[in-house]
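In what follows, chains carry the letters A, B, and so on, assigned in the order in which the sequence lines appear, proteins first and then strands, with residues in each chain numbered from 1.
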2 protein chains.
Amino acid sequence: MPRAGLTPVTVVREAAVLADEVGHDRLTLAALAGRLGVALPSLYKHVRGVDALHQKLAVLATAEIADVLTSAAAGRAGGDALRAVAVAYRGYAHRHPGRYPATQRAPDPTDPEHLAAAERAVGAIVAILRGYGVQGDAAVDATRMFRATVHGFVTLEAAGGFGLPRDVDRSFDRMIDGLDVAYRGWGSR
Amino acid sequence: MPRAGLTPVTVVREAAVLADEVGHDRLTLAALAGRLGVALPSLYKHVRGVDALHQKLAVLATAEIADVLTSAAAGRAGGDALRAVAVAYRGYAHRHPGRYPATQRAPDPTDPEHLAAAERAVGAIVAILRGYGVQGDAAVDATRMFRATVHGFVTLEAAGGFGLPRDVDRSFDRMIDGLDVAYRGWGSR
DNA sequence: GGTCGAAGCTAATAGGCTTAGCTTAATGGC
DNA sequence: GCCATTAAGCTAAGCCTATTAGCTTCGACC
């Protein structure tokens, strides 16, 4: 019997695919092992356990969304950049419904790669805010508002929280308009 | 041996207390049974299973938060009401970290009580928006923004997503200011 | 070609949910 | 006050997931 040839990297990559298919909370070692063609305990040669798997998935997903946000911001400024990044963020959440929740795991302070990825994602937002003249402590507040707003929207959306027939894309659009207005007035308060 | 005297209502109530203590995801039938002084399978006389328990908890929590929001809005209008309701919402999430996630479960369309509670919670927000002159389809969009913003903030906060030392209360304050600005400009776009 | 580390396995334990089927406490009618 | 009925509670058993221990064997490298 030839070996499956797994590595920690291939395992977590497959975990990401599986999570997107079945949902973040149903990412199970049993299902993952089955898909990789090995017995469940074999996974422990590559991952320390289910929590470590989620941790690694968080790093992967955070790095991915950081890339997405960064390239959406490239070459744009102001409200243009704001909208592009917000749309890209939501797009990632839609394309990767299982990975997305992993991006919200608090970065492991002992993992430089995780910290760097989180830093990069936040950096894309901070860069936009500079275009609005928002900096320093105010930028921290404004970044938190961006994250809260967009994260809140996509999670409510994913949870089926928007029951009414009113078009969800349009609501998102209006919300970004509102965010733009808020940021333009950010200094003058 | 006397009986424990449980009912569906007492079971769900204890589940709510337990969830607040150990976290929504660690609300387990085993722990609940232990705390109620019965064997685990006995719970099935009162609840259909773990999913039904979460469902009932959702109804309870949604009704509670609807009450909190409604009374926060009472006797206030405009930015005053907006801030009071937002603060009350966040306060509920802080006081009831285990119940709060249950409020985000999509209402069961077959459960009138659940629907009514959700309706009541949304109603408190819609009432505020009337004070800003926002109505109709625009009110749907604006309500979604309110929920996204505040829900996003409290979940990021609970997940430890705000790493920087900058005061979180102040960030929340600024965010509500931003929301106020957005709503004041809502019509003129 | 032999050696050795790591990749994979089976077996066993522990905890969680669920169903089946039994026992018995409480309640309501006579 | 006694008995019948209902439902509250129990034990036992089965399934799934995670984890650990200890064994086997592939395959890379000298």
Legend entry - Integer-rounded Å distance: C:dG16 P and B:Leu18 CG: 12 Å
Inset, instruction - Answer yes or no: is there a donor N or O on one side and an acceptor on the other, between the side chain of B:Arg147 and the main chain of B:Ile125, under 3.5 Å? - result: no
Inset, instruction - Take A:Tyr100 and A:Tyr89 through the test ring pair (Phe, Tyr, Trp, His ring centres under 6.0 Å) and record every step on the way to the result. - result: CA-CA 10 Å; A:Tyr100 175 72; A:Tyr89 188 108; 5.7 Å; yes
Inset, instruction - Give me the residues of residues 33-58 of chain B where at least one heavy atom lies under 4.0 Å from an atom of DNA chain D, by number, or none. - result: B:Val38, B:Ala39, B:Pro41, B:Ser42, B:Lys45, B:His46
Inset, instruction - Nearest whole angstrom, please: distance from the C1' of D:dT17 to the CG of A:Asp25. - result: 14 Å
Inset, instruction - Look only at the side chain of B:Ser71 and the backbone of B:Asp67, and say whether a donor-acceptor pair between them is shorter than 3.5 Å. - result: yes
Legend entry - Short side-chain N/O contact to D:dC16 OP1/OP2 from A:Thr28, under 4.0 Å: no
Inset, instruction - Look at the side chain of A:Arg76 and the backbone N and O of A:Leu82, then say whether any donor-acceptor pair between them is shorter than 3.5 Å. - result: no
Legend entry - Evaluation steps, ring pair (Phe, Tyr, Trp, His ring centres under 6.0 Å), between B:Phe162 and B:Phe172: CA-CA 12 Å; B:Phe162 297 147; B:Phe172 188 74; 10.0 Å; no
Inset, instruction - Report the distance from atom CG of B:Leu32 to atom P of C:dG15, rounded to the nearest whole Å. - result: 18 Å
Inset, instruction - Identify which one of A:Arg95, A:Arg99, A:Arg120 satisfies the salt bridge (Lys or Arg N to Asp or Glu O under 4.0 Å) criterion when paired with A:Glu64. - result: A:Arg99
